[in-house]
Amino acid sequence: MRIHLAFLFSLIAFTAVGQSHASATIDLDQPGAMARLEQDNPARAWSIQHILRTAPQLKPSNLATWLKTIVDADMVSTQLIKTSDPPQARLSFVLGDTRYKATVTLKTASPFRVPTN
């Protein structure tokens, strides 16, 4: 139970060590967002697809380090949005001078029950 609570709190309040200032924000959940990105900047689109494929498999405590090391992106936040099975989170990161947001399905987390008392 403690592990589940620690995971929940790390998802809700996780902030990257270094704050980056983004000039634009792109919501990758919007229809056509990835297609436009693939057309405008294929290398950036590849990096983002790599992030979106890999991030759900990582533990939240390792995500910021992985983002910085592998694709030189700064993690802004990740927020638990659905405690479904499997749970989903809203991931926000900065790559270059743009902030990207996307909903990802978490594969390293398992749902848990919160007592009502």
Side-chain angles (χ1 to χ4, degrees):
M1 181 68 166
R2 288 182 185 161
I3 292 172
H4 293 297
L5 288 175
F7 178 77
L8 176 64
F9 288 123
S10 68
L11 280 175
I12 292 172
F14 191 84
T15 303
V17 174
Q19 290 292 341
S20 295
H21 299 287
S23 62
T25 299
I26 296 176
D27 186 348
L28 298 169
D29 292 338
Q30 294 297 317
M34 277 305 296
R36 285 190 300 277
L37 191 58
E38 288 170 352
Q39 186 175 29
D40 296 343
N41 190 338
R44 175 69 49 91
W46 183 90
S47 294
I48 291 170
Q49 288 170 344
H50 183 59
I51 290 169
L52 297 179
R53 277 191 312 269
T54 308
Q57 300 170 22
L58 299 174
K59 294 180 182 179
S61 58
N62 298 337
L63 188 54
T65 303
W66 179 84
L67 280 169
K68 189 67 174 170
T69 304
I70 301 301
V71 293
D72 196 27
D74 289 322
M75 171 96 152
V76 176
S77 69
T78 191
Q79 297 175 325
L80 186 66
I81 60 169
K82 290 185 179 179
T83 56
S84 57
D85 184 14
Q88 294 181 342
R90 186 79 170 151
L91 176 65
S92 178
F93 58 93
V94 175
L95 189 57
D97 62 349
T98 305
R99 177 183 287 207
Y100 297 93
K101 297 179 179 183
T103 302
V104 295
T105 299
L106 304 173
K107 297 179 181 167
T108 60
S110 58
F112 59 92
R113 295 182 183 160
V114 177
T116 58
N117 298 0

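Values below: every heavy atom of this structure, side chains too, minus hydrogens, waters and symmetry copies.
Within the structure, every pair that satisfies the salt bridge (charged side-chain N to carboxylate O under 4.0 Å, His left out) test and touches residues 62-72, not counting sequence neighbours, is listed here: K68-D72, K68-D74. Sorted by first and then second residue, the salt bridge (charged side-chain N to carboxylate O under 4.0 Å, His left out) pairs involving residues 27-37 (not counting sequence neighbours) are D27-R90, D29-R90. For residues 45-54, the set of pairs meeting the side-chain hydrogen bond (donor to acceptor under 3.5 Å, both in side chains) definition, not counting sequence neighbours, comprises E38-Q49.
In terms of the side chain to side chain contact (heavy atoms under 4.5 Å, CB included) criterion, residue partners of T65 (sequence neighbours excluded) are, by chain and number, T69.
Here the closest heavy-atom approach between residue G96 and residue R44 is recorded as CA-NH2, 3.8 Å.
Put simply, the side chain of P56 reaches to within 4.5 Å of the side chain of V104, judged on heavy atoms. In this structure the side chain of T25 never reaches within 4.5 angstrom of the side chain of Y100, judged on heavy atoms.
Atom OG1 in T103 sits 10.0 Å away from atom CG in L52 (nearest 0.5 Å). We find the CZ-CG distance between F93 and L67 to be 7.0 Å, quoted to the nearest 0.5 Å. Here CG of L28 is found 11.0 Å from NZ of K101. Values are rounded to the nearest 0.5 Å.
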List the steps and the verdict of side chain to side chain contact (heavy atoms under 4.5 Å, CB included) for L95 and I48. CA-CA 9 Å; L95 189 57; I48 291 170; 4.0 Å; yes
